[in-house]
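This is a predicted model, so every value here is computed, not measured. As the structure lists them, so they are numbered: ligands from 1, and atoms in each ligand from 1. If you read the sequence from its start, that first residue is 1, and numbering goes on from there.
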Amino acid sequence: MICNDRETLRVMVEEANKLTKHGKVADYIPALKTADRDALSIAVYEEGTCASAGDIQEKFTLQSISKVLSLALALMDNGEEEVFSRVGMEPTGDPFNSIIKLETHSPSKPLNPMINAGALSVTSMIHGGSVEERLGRLLTFIHELTGNPSISYNEEVAKSEYETADLNRALVYFMKQHGVINENSETLLELYTKQCAIEVNCEDLAKIGYVIANEGLHAESQRPVIPLHIARILKTFMVTCGMYNASGEFAIRVGIPAKSGVSGGIMASVPHRVGIGIYGPALDEKGNSVAGMQLLEVLSQRYDLSIF
Ligand code: GLU
């Protein structure tokens with residue numbers, strides 16, 4: 001078990017930390033600019049125990065990792081047929097915020113739920129009468145997954161993204177024109193940016209990763225919190241599209257279903273075994289945490305975690 005080997009985990013973090021100088025903190029959302037480039041922490045959750053290294057109390061926003069959770073909720077709300085009529089199942093090979101395939105593909109529904117266009121379409125399917133109610137439902141779901149009822153969203157990050165989200169606005173307008181999205185653009189952008197600004201720490205992330213790894217059963221109570229078939233869909237998207245347009249290389253080098261976000265978080269789910277949460281805000285050019293990817297690679301090799 002990884003959790004019996006805490007010293008190894010500490011050394012791995014120390015080694016991977018040397019890579020942060022090769023990365024850059026995301027700055028296209030102004031409020032993310034202030035993150036400490038050299039921060040690196042990890043929590044590993046398995047069979048009711050958790051091991052960690054680095055400052056795991058540090059909070060960060062989910063950003064794209066939230067796309068996995070909004071997809072779970074949208075699938076529970078609407079069923080597969082409805083969701084996949086408005087978002088596809090194929091990887092793109094393009095950057096997360098690209099608009100190009102919306103125009104070149106017919107029908108112009110986004111290719112998958114992990115790119116921004118797809119995630120915006122998915123978020124528009126979360127049920128509820130207002131932004132507050134829909135965000136509240138997502139937060140309640142996250143409280144259930146983590147057992148941490150204090151999780152909320154970071155208002156400053158949400159506002160900062162909302163005010164600068166012109167590319168996401170363009171994606172929404174394009175999809176509205178093509179009938180993929182049917183709601184008010186600003187309402188959707190408000191919900192999406194608040195969803196992306198939900199704030200967690202590594203331990204929360206490791207617990208969510210564990211539920212997804214554990215066929216949707218709660219980490220402590222073993223109660224079903226995500227239906228089995230949905231947990232499988234989430235893991236599959238994490239493998240095929242979870243690490244942006246580096247997902248293929250990541251599958252070969254690491255082989256673990258994972259989802260990253262531009263705040264530097266990575267959530268990983270080793271089926272039937274482990275949930276992992278990482279925070280390392282120094283990103284490579286594709287938007288993945290440089291040190292976080294390295295950490296997952298050495299962990300995967302040492303504990304034979306690849307699913308392939
Ligand atoms: N909120 C971010 C955006 O839409 C999420 C991007 C990411 O983490 O990949 O641009």
Side-chain angles (χ1 to χ4, degrees), residues 23-35 59-71 87 91-102 110-124 126 131 135 138 142 153-175 181 185-200 205 208-209 237-238 240-247 250 258-268 277-290 292-293:
K24 251 184 92 223
V25 167
D27 57 6
Y28 76 100
I29 299 173
L32 294 183
K33 266 191 226 168
T34 51
K59 287 192 192 166
F60 52 93
T61 55
L62 284 174
Q63 297 304 332
S64 266
I65 302 170
S66 69
K67 295 170 180 172
V68 177
L69 303 169
S70 54
L71 176 63
V87 66
T92 68
D94 296 326
F96 65 97
N97 53 7
S98 174
I99 198 165
I100 193 162
K101 293 238 165 57
L102 279 184
L111 276 178
N112 70 68
M114 300 294 124
I115 49 172
N116 282 7
L120 286 158
S121 170
V122 165
T123 296
S124 78
I126 294 178
V131 168
L135 183 72
L138 185 60
I142 295 175
Y153 73 97
N154 180 314
E155 287 185 31
E156 189 202 338
V157 175
K159 184 166 180 283
S160 172
E161 180 171 8
Y162 180 77
E163 284 170 354
T164 54
D166 292 323
L167 198 44
N168 284 335
R169 259 184 195 90
L171 294 171
V172 171
Y173 278 106
F174 192 95
M175 289 187 286
I181 285 173
S185 317
E186 293 308 309
T187 306
L188 175 55
L189 283 158
E190 184 188 340
L191 178 58
Y192 174 76
T193 49
K194 286 182 175 168
Q195 161 197 319
C196 288
I198 292 173
E199 221 171 21
V200 296
L205 214 49
I208 304 172
F237 278 122
M238 287 160 77
T240 56
C241 329
M243 302 299 284
Y244 303 117
N245 40 334
S247 299
F250 186 81
K259 180 75 200 92
S260 65
V262 292
S263 54
I266 305 180
M267 174 178 78
I278 292 180
Y279 175 57
L283 308 179
D284 64 17
E285 67 291 346
K286 292 186 172 159
N288 292 310
S289 168
V290 215
M293 300 251 283

Student: To the nearest 0.1 Å, how far is atom 4 (O) of ligand 1 from its closest protein heavy atom, and which atom is that?
Tutor: Y192 OH, 2.7 Å
Student: In terms of atom number and element, which parts of ligand 1 are under 4.0 angstrom from non-hydrogen atoms of G261?
Tutor: 8 (O)
Student: For atom 3 (C) of ligand 1, find the nearest protein heavy atom and state the residue, atom name and distance (0.1 Å precision).
Tutor: E161 OE2, 3.1 Å
Student: Measure the distance from atom 5 (C) of ligand 1 to every protein heavy atom, then report the residue, atom name and distance (to 0.1 Å) of the closest one.
Tutor: Q63 OE1, 3.5 Å
Student: If you have a sec, work out which protein heavy atom is nearest atom 7 (C) of ligand 1 and how many Å separate them, to one decimal?
Tutor: S64 OG, 2.7 Å
Student: Decide whether S263 and Q63 meet the rule of one side-chain donor and one side-chain acceptor closer than 3.5 Å.
Tutor: no
Student: Please say whether the positively charged group of K33, taken as NZ for Lys or CZ for Arg, lies over the ring of Y28, i.e. under 6.0 angstrom from the six-membered ring centre and within 45 degrees of the axis.
Tutor: no
Student: Would you mind listing which atoms of ligand 1 come within a distance below 4.0 Å of any non-hydrogen atom of N168?
Tutor: 3 (C), 4 (O), 10 (O)
Student: Would you say Y244 has any N or O atom under 3.5 Å from an N or O of ligand 1, going by distance alone?
Tutor: yes
Student: Quick one: look at V262 and ligand 1, take heavy-atom pairs under 4.0 Å, and tell me if it's side chain, backbone, both or neither.
Tutor: both
Student: Mind checking whether N116 has a heavy atom under 4.0 Å from ligand 1?
Tutor: yes
Student: Does an N or O anywhere in S260 fall below 3.5 Å from an N or O of ligand 1?
Tutor: no
Student: What residue and atom, counting heavy atoms only, is the protein's closest point to atom 10 (O) of ligand 1, and at what distance?
Tutor: Y28 OH, 2.6 Å
Student: Does atom CD of E155 have more than 12 heavy-atom neighbours, drawn from other residues, nucleotides or ligands, at distances under 6.0 Å?
Tutor: no
Student: Compare every heavy atom of L120 with every heavy atom of N168, then report the nearest pair and how far apart it is.
Tutor: O-CD1, 3.8 Å
Student: Could you check L62, T123, N116, N112 and say which one makes a side chain to side chain contact (heavy atoms under 4.5 Å, CB included) with K67?
Tutor: N116
Student: Restricting to non-hydrogen atoms, name the atom on T61 and the atom on A197 that form the minimum distance, rounded to 0.1 Å.
Tutor: CG2-O, 3.4 Å
Student: Heavy-atom distances under 4.0 Å are what count here, so tell me which part of C196 touches ligand 1: side chain, backbone, both or neither.
Tutor: side chain
Student: Which heavy-atom pair separates E190 from Y162 by the least distance, and what is that distance?
Tutor: N-CE1, 3.8 Å
Student: Do P281 and F60 come within less than 4.5 Å of each other through their side chains, counting heavy atoms only?
Tutor: no
Student: Using a heavy-atom cut-off of under 4.0 Å, does the side chain or the backbone of L167 touch ligand 1, or both, or neither?
Tutor: neither
Student: Grab the two heavy atoms, one from G264 and one from S289, that are nearest each other, plus how far apart they are.
Tutor: O-CB, 3.7 Å
